[in-house]
Asker: 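Before I ask anything, here is the structure I am working with.
Side chains included, hydrogens not; waters and symmetry mates left out as well; all remaining heavy atoms used.
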Amino acid sequence: MLFFALVIGAAVAILFTVFPDWDMAIASLFWDAPGRHFVLAAAPWAQTVRNLANWIPWAIAAPAFAAIVLKLLLPRAKMFMNPRAAVLLAVTMALGPGLVVNGILKSHWGRPRPVHVETFGGKDEYRPWYRTDGTCPGNCSFVSGEGALGFWLTAPASLVPGPAGVVAMVAAVAFGTVAGGLRIAFGGHFFTDVVFSGVLVVLIVVATRFLLYDRKGAPGDAEVERAIGRAGLALQGFARTLWLGLRLFGRRIARRARTIRRDRPRHGPRHDLPRRGTGL
């Protein structure tokens, strides 16, 4: 999987750097020039598939996040799913589609989406994938967030043993291709946005799996679960210390307020008028 991701990433990077207009050519295949719109963007079935492609990865990742959070809250309880699998799914989802794609690249790359480019009815100037000086202010085209979600399914697929794992991996790549391909057809992303989102996510999945499973001396499930439990105990200790500190601070503030009220004069200061003498 790593080899194919690197080869595809390198090939696309070279070709679309030498021929940067290829991205526009691919996007134009889905553009209806007379109607001035991307045809599939309004198709109900395509929108349904898009929604499913967004929800399915989160539905698979949700139990992993829940297992880790419950272990942090209840450090002595047994995790309801395999600890290393939970960490693999949660970490790759948080780092890939979360931090690297949406948190860093899409927020700072500046590449306008196809629908925002002048050729396709927008107002922005086209930028090839390697240019970061576009006019997009945020949530930009490079790379595809929904493509990253789709290709994230390579993480659970990597956990499937034996020959079924090959089938699962092919299905995961096909799922990511469909999810990313729909974004191209909708005018939401260029071809390179989708390809590089997949390459990035696969690299993160491979690196995380190497640390948890494949390297020499990789931790076992029991060790990972104990580590999460220790983190939960440390968080609980920190929370207790913080709570006690806040209570102590609150008591000091309350005592200070009582002291101020006690020392404050009950009546305003007296101003004795001069005694009035006799006469007019």
Asker: Would T17 and W129 count as a side chain to side chain donor-acceptor pair (under 3.5 Å) here? Give the steps.
Answerer: CA-CA 8 Å; T17 299; W129 73 269; 3.2 Å; yes
Asker: Is there a donor-acceptor contact under 3.5 Å from the side chain of S158 to the main chain of A155?
Answerer: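 Checking the backbone N and O of A155 against the side chain of S158, a donor-acceptor pair under 3.5 Å is found.
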Asker: Could you tell me whether D193 and R113 have a side-chain N and a carboxylate O separated by less than 4.0 Å?
Answerer: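 Salt bridge: no.
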Asker: Would you say R183's side chain and F190's backbone share a donor-acceptor pair under 3.5 angstrom?
Answerer: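 Side chain of R183 to backbone of F190, a donor-acceptor pair under 3.5 Å: no, none is there.
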Asker: Without swapping roles, check the side chain of N102 against the backbone of P97 for a donor-acceptor pair under 3.5 Å.
Answerer: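 Yes.
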Asker: Passes side chain to side chain contact (heavy atoms under 4.5 Å, CB included), K106 versus V101? Steps please.
Answerer: CA-CA 6 Å; K106 291 176 68 65; V101 172; 3.8 Å; yes
Asker: Begin with the C-alpha distance, continue with both residues' side-chain angles, and end with the deciding distance and a verdict on side chain to side chain contact (heavy atoms under 4.5 Å, CB included) for F38 and V115.
Answerer: CA-CA 8 Å; F38 284 92; V115 291; 3.8 Å; yes
Asker: Keeping the roles fixed (side chain from D21, backbone from M24), state whether a donor-acceptor pair exists under 3.5 Å.
Answerer: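 No.
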Asker: For Y213, is the NZ or CZ atom of R209 found under 6.0 angstrom from the centre of its six-membered ring and inside 45 degrees of the ring axis?
Answerer: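 Judged by the rule, R209 and Y213 form a cation-pi pair.
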Asker: Less than 4.0 Å between a side-chain N and a carboxylate O, is that true for D23 and R127?
Answerer: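 Result for this pair is no, no salt bridge flagged.
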Asker: Going by salt bridge (Lys or Arg N to Asp or Glu O under 4.0 Å), name the residues that satisfy it together with K71, two or more places apart in sequence or in a different chain.
Answerer: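 For K71 the salt bridge (Lys or Arg N to Asp or Glu O under 4.0 Å) partners, ignoring immediate neighbours, are E225.
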Asker: So do the side chains of E125 and T135 get within less than 4.5 Å of each other, counting heavy atoms only?
Answerer: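 Of all side-chain heavy-atom pairs linking T135 with E125, none is under 4.5 Å.
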Asker: Supply the atom-to-atom distance R252 CZ to L248 CG, rounded to the nearest 0.5 angstrom.
Answerer: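 Going from the CZ atom of R252 to the CG atom of L248 covers 4.5 Å.
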Asker: Tell me whether H116 contacts the main-chain N or O of P112 through its side chain, where contact means a donor paired with an acceptor under 3.5 Å.
Answerer: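 Judged by distance alone, no pair lies under 3.5 Å.
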Asker: A side-chain contact here means heavy atoms from C-beta on lying under 4.5 Å apart; do T177 and F151 qualify?
Answerer: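 In contact.
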Asker: Could you tell me whether the side chain of T208 and the main chain of V205 form a donor-acceptor pair under 3.5 Å?
Answerer: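 Not a single qualifying donor-acceptor pair exists.
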Asker: Is the distance between the ring centroids of F191 and F16 less than 6.0 Å?
Answerer: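 Yes, they do, as the ring centres are separated by less than 6.0 Å.
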Asker: Taking the side chain from H37 and the backbone from G35, do they hold a donor-acceptor pair closer than 3.5 Å?
Answerer: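 Yes; at least one donor-acceptor contact below 3.5 Å.
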Asker: Please report the closest heavy-atom contact between A179 and A53, naming both atoms and the distance.
Answerer: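 The answer is CB-CB, 3.9 Å.
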Asker: Looking at Q236 and L72, what are the two nearest heavy atoms and their distance?
Answerer: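 Smallest interatomic distance, heavy atoms only, reads NE2-O, 3.9 Å.
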Asker: Tell me, with the steps shown, if K123 and E118 meet side chain to side chain contact (heavy atoms under 4.5 Å, CB included).
Answerer: CA-CA 5 Å; K123 298 180 179 179; E118 294 171 339; 5.6 Å; no
